[in-house]
Amino acid sequence: MRKLLQVDFTYQGPFGSEMASQLKELAESINHEPGMIWKIWTESAKDQLGGGIYLFENEETAQAYLKMHSERLQKMGITNIRGIVFDFNESLSLINKGPVNQ
């Protein structure tokens, strides 16, 4: 069963187009992570937060990515990492045009 992973953490930037430029290679590498279907990058300069919402093939691949990604972020000096794996209601999400049937 597919799972959503929500990750957020304290992040001082860069944001916007500068973030996109600096993290392009990281974004491309994420496409090769086992079980990853898609990712939406999240950021808030106002609240000094970074993160993402992911769709994974199953609980195992979501948990494995969360573990690896948390370790990678910690090595980068990022703190306050929070990751939660969610079930989701596909029927209701499709009514609201959620990209869950990909």
Side-chain angles (χ1 to χ4, degrees):
M1 172 186 270
R2 293 178 296 164
K3 299 288 184 174
L4 284 175
L5 170 62
Q6 174 188 312
V7 177
D8 61 70
F9 46 84
T10 303
Y11 183 68
Q12 272 80 57
F15 296 97
S17 60
E18 187 179 347
M19 179 183 181
S21 175
Q22 288 187 17
L23 298 180
K24 184 176 185 264
E25 287 183 26
L26 175 61
E28 291 170 346
S29 75
I30 291 170
N31 288 332
H32 304 289
E33 292 296 331
M36 203 279 299
I37 299 169
W38 54 252
K39 176 183 180 177
I40 297 172
W41 288 68
T42 59
E43 60 182 90
S44 174
K46 176 180 76 76
D47 296 315
Q48 298 285 281
L49 294 171
I53 300 171
Y54 308 73
L55 182 63
F56 279 90
E57 291 176 359
N58 54 47
E59 174 93 21
E60 294 76 25
T61 56
Q63 291 290 353
Y65 181 81
L66 176 58
K67 180 180 184 307
M68 179 280 299
H69 189 47
S70 296
E71 290 169 359
R72 173 173 54 201
L73 290 169
Q74 289 169 350
K75 289 179 185 173
M76 296 168 61
I78 294 174
T79 60
N80 298 322
I81 302 163
R82 180 174 66 154
I84 305 170
V85 176
F86 289 96
D87 293 325
F88 60 94
N89 186 302
E90 187 167 348
S91 297
L92 293 174
S93 297
L94 290 172
I95 291 170
N96 298 117
K97 301 177 184 169
V100 295
N101 62 351
Q102 296 181 4

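Residue numbers start at 1 and run along the sequence shown.
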I need the minimum non-hydrogen distance between Ile78 and Tyr11, along with the two atoms involved.
CD1-CD1, 4.3 Å
Please round to the nearest 0.5 Å and tell me the distance separating atom CZ of Phe15 and atom CD of Gln48.
4.5 Å
Do you reckon Ile37 sits in the same ILVMFWY cluster as Phe86, going by side-chain contacts under 4.5 Å, direct or chained?
yes
With a 4.0 Å cut-off on N to O distance, would you call Lys67 and Glu71 a salt bridge?
yes
Examine distances only and state if a side-chain atom of Glu59 and a backbone atom of Lys3 form a donor-acceptor pair shorter than 3.5 Å.
no
Please say which of Glu60, Glu57, Glu90 ends up in a salt bridge (Lys or Arg N to Asp or Glu O under 4.0 Å) with Arg2.
Glu90
Residue pair Tyr65 / Arg72: nearest heavy atoms and the distance that separates them
OH-NH2, 3.2 Å
If only atom types and distance count, is the side chain of Trp38 paired as donor or acceptor with the main-chain N or O of Pro99 below 3.5 Å?
yes
Would the distance check show the side chain of Ser21 and the main-chain N or O of Ser17 forming a donor-acceptor pair, the cut-off being under 3.5 Å?
no
Show the nearest heavy-atom pair for residues Leu23 and Trp41, with the distance to one decimal.
CD1-CZ3, 4.0 Å
Among Ile30, Leu5, Leu55, Thr61, which residue meets the side-chain contact (heavy atoms from CB on, under 4.5 Å) test with Met36?
Ile30
Which is it for Gln63 and Phe56 under the side-chain contact (heavy atoms from CB on, under 4.5 Å) test, yes or no, and what are the steps along the way?
CA-CA 9 Å; Gln63 291 290 353; Phe56 279 90; over 6 Å; no
Determine, step by step, whether Leu26 and Ser29 satisfy the side-chain contact (heavy atoms from CB on, under 4.5 Å) criterion, reporting the C-alpha distance in whole Å, the side-chain angles of both residues, the deciding distance to 0.1 Å, and the verdict.
CA-CA 5 Å; Leu26 175 61; Ser29 75; 3.8 Å; yes
Do Phe88 and Met1 land in one hydrophobic cluster if side-chain heavy atoms of ILVMFWY residues count as linked below 4.5 Å?
no
One should read off an interatomic distance between Ile81 CD1 and Gln74 CD, to the nearest 0.5 angstrom, of 4.5 Å
Would His69 and Tyr54 count as a side-chain contact (heavy atoms from CB on, under 4.5 Å) if you check the C-alpha gap in whole Å, the side-chain angles of each, and the deciding distance to 0.1 Å?
CA-CA 12 Å; His69 189 47; Tyr54 308 73; 3.6 Å; yes
Check the surroundings of atom CD in Glu25: do more than 12 heavy atoms from other residues, nucleotides or ligands lie under 6.0 Å from it?
no
Does the pair Leu94 and Val100 meet the rule for a side-chain contact (heavy atoms from CB on, under 4.5 Å), with working shown?
CA-CA 7 Å; Leu94 290 172; Val100 295; 3.9 Å; yes
Out of curiosity, Ile84 CD1 to Leu4 CG, how far, rounded to the nearest 0.5 Å?
11.5 Å
Grab the two heavy atoms, one from Val85 and one from Ala62, that are nearest each other, plus how far apart they are.
CG2-CB, 4.1 Å
Any donor-acceptor pair under 3.5 Å from Thr42 side chain to Gly51 backbone:
yes
